[in-house]
Amino acid sequence: MESKIKEFMKLVKVRNQHEPEFLQAVQEVAETVIPYIASQEIYNGKNILLRMVEPERVLMFRVPWIDDSGEIIVNRGYRIQMNSAIGPYKGGLRFHPTVNLSILKFLAFEQVFKNALTTLPMGGGKGGSDFDPKGKSDGEIMRFCHSFMAELCRHIGANTDVPAGDIGVGAREIGFLFGMYKKMRNEFTGVLTGKGMSWGGSLIRPEATGYGTVYFAQSMLETRGDTLKGKTVTVSGSGNVAQYACEKATQLGAKVVTLSDSSGFIYDEDGIDEQKLAFVMELKNVKRGRINEYVEKYPKAKFFKGKTPWGIKCEVAMPCATQNEVNGEDAKTLLNNGCYVVSEGANMPSRPEAIEAFQGAKILYAPGKASNAGGVATSGLEMSQNSLRINWTRDEVDERLKKIMKDIHDSCIKFGKKDDGYIDYVTGANIAGFVKVADAMLAQGVV
Ligand code: NDP
């Protein structure tokens with residue numbers, strides 16, 4: 001089996017030599033899915049995984065815009081339309097200076113499996129730009145978003161490709177992007193998700209990724225007759241996913257003690273309660289400040305410059321910032337400090353060595369493609385509401401989100417439960433996602 005996986009990865013590496021994040025994401029899937037393919041007659045000899053690692057389409061385009069000083073800036077825009085076997089391409093847009101083809105392809109690839117897990121009819125895609133929104137005025141953000149969408153609008157549509165937010169793309173950016181799409185195409189359709197409530201958005205969409213990550217942690221704990229109540233939780237990031245993971249974990253009786261951004265992390269031993277979180281939301285979403293300002297407001301807390309929160313003692317860790325933010329050493333530290341639940345809010349935040357350590361110690365470890373699928377699932381619910389031209393209540397959407405997260409958890413158990421009872425959520429998520437997409441691809445023939 002090992003030689004089959006090596007042979008497959010060799011082929012993928014030749015074609016994607018300069019794409020380390022993409023290769024990392026493919027390797028993880030190959031290790032779990034290739035043995036399954038070999039055991040199932042219907043997939044044999046169909047080269048399905050080889051077809052799945054090749055995007056259906058990659059778009060790269062120039063994004064010129066004018067900054068406040070009058071200078072013309074040129075950024076690069078991307079959209080990876082990875083797989084549409086089970087529905088229109090669906091996945092976020094990331095605006096961050098590190099964005100490149102490798103990062104977007106890894107995200108698009110993971111998205112295919114994640115979207116399949118939600119049971120909703122969504123294919124996988126991802127896009128973005130190397131544009132850095134930090135420090136830009138609202139006018140600059142608007143001009144950039146408008147220029148980006150002036151090109152992207154030719155390639156997307158409510159039944160073709162429906163982007164959403166990701167790092168650096170929140171409610172403000174979705175608004176500017178939607179405005180330009182509507183102008184260029186002269187149609188008011190559910191082409192983006194994460195929209196404002198008065199123009200097609202869904203209740204709970206902003207909360208969904210963070211809430212879903214916590215619901216998933218809760219489901220994992222239930223398999224051991226345990227709950228989140230009274231647990232100490234470390235969260236990284238302080239953006240959309242981190243904020244709502246913090247909110248829901250606190251509501252369920254846990255104590256969240258850390259948040260971070262790319263400058264370092266804050267540790268608040270007393271817990272980041274509702275009032276403190278409201279301060280963080282105002283700081284990050286409105287004032288667009290830095291997390292170290294937390295300790296000016298709450299001097300009992302400490303700020304650790306340039307560090308990640310994984311050295312802080314906790315039972316539950318929720319990485320909610322970015323890819324590869326938990327390395328092998330961090331994982332060992334977490335385990336030594338008694339952490340036994342890791343629910344990923346970010347995409348691929350744990351390096352392979354970290355995953356190996358978590359699984360070696362048989363803790364409850366959920367990969368992002370399962371535990372953070374609540375965001376895209378609720379985007380799917382936003383699309384349904386747009387098509388039906390109705391709005392569900394907050395409770396209705398939250399109930400659907402809870403059910404989807406529970407169903408994803410059940411799918412992971414179906415394909416990931418080992419003989420000794422240990423649930424390998426990586427294997428479970430990869431195979432469950434693969435089966436749904438692969439069956440659709442088989443039915444549709446070689447296209
Ligand atoms: P935001 O832009 O709202 O927040 C990102 C947070 O992560 C910020 O605190 C940011 O700090 C920090 N961060 C970003 N890059 C780095 C880095 N290189 N090193 C350290 N910290 C970093 O993004 P989201 O909360 O939406 O996304 C967070 C993660 O969740 C991403 O992996 C994303 O792909 C994933 N995700 C998001 C979904 C969504 O619905 N939004 C859905 C599913 C997954 P700073 O401000 O300093 O950059």
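First listed ligand is number 1; within each ligand, the first listed atom is number 1.
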Within-cut-off N or O pair, [X] and ligand 1, under 3.5 Å:
X	result
Thr209	yes
Gly168	yes
Gln323	no
Ser238	yes
Lys134	yes
Ser263	no
Asp166	yes

For the aromatic rings, using the six-membered ring if either is Trp, is the centroid distance between [X] and [Y] under 6.0 Å?
X	Y	answer
Trp65	Phe148	no
Phe144	Phe131	yes
Phe216	Tyr425	yes
Phe265	Tyr294	no

Checking a contact table here: which protein heavy atom is nearest [atom], and how many Å away?
atom	answer
atom 32 (O) of ligand 1	Asn347 N, 3.2 Å
atom 41 (N) of ligand 1	Asn240 OD1, 3.7 Å
atom 25 (O) of ligand 1	Val241 N, 3.0 Å
atom 27 (O) of ligand 1	Ile167 CG1, 3.6 Å

Proximal atoms of ligand 1 relative to [X] (non-hydrogen, under 4.0 Å):
X	result
Gly345	30 (O), 35 (C), 36 (N), 44 (C)
Ala346	29 (C), 30 (O), 32 (O), 35 (C)
Arg205	40 (O)
Gly237	9 (O)
Cys320	28 (C), 29 (C)
His96	15 (N)

Report yes if the side chains of [X] and [Y] come closer than 4.5 Å at any heavy-atom pair, otherwise no.
X	Y	answer
Asp261	Ser238	yes
Glu315	Tyr340	yes
Met348	Gln24	yes

Quick one: is the NZ or CZ of Lys302 closer than 6.0 Å to the six-membered ring centre of Tyr267, and within 45° of its axis? no
Is a side-chain donor or acceptor of [X] paired with a backbone partner of [Y] at a separation under 3.5 angstrom?
X	Y	answer
Thr378	Leu381	no
Lys90	Val162	yes
Ser84	Gly123	no

Is ligand 1 under 4.0 Å from a heavy atom in the side chain of Arg290, in the backbone, in both, or in neither?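 Under 4.0 Å from ligand 1, Arg290 contributes side-chain atoms alone.
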Please determine whether any non-hydrogen atom of Arg94 lies less than 4.0 Å from an atom of ligand 1.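 Within the 4.0 Å threshold, so yes.
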Check whether any heavy atom of Ser260 sits under 4.0 Å from an atom of ligand 1. yes
Can you see which heavy atom on Thr223 is nearest to which on Met220, and at what distance?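 Result for this residue pair: OG1-O, 2.5 Å.
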Between the side chains of Thr393 and Asp395, is a donor N or O closer than 3.5 angstrom to an acceptor N or O?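 Checked: Thr393/Asp395 side chains show no N/O donor-acceptor pair below 3.5 Å.
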Atom CG in Asn240, atom CD in Glu207: separation rounded to 0.5 Å?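 Reported value, rounded in 0.5 Å steps: 8.5 Å.
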[atom]: which of [options] has the nearest heavy atom?
atom	options	value
atom 45 (P) of ligand 1	Gly128, Gly92, Ser262	Ser262
atom 28 (C) of ligand 1	Ala208, Ala321, Gly239, Gly375	Ala321
atom 17 (C) of ligand 1	Thr322, Thr193, Ile103	Thr322

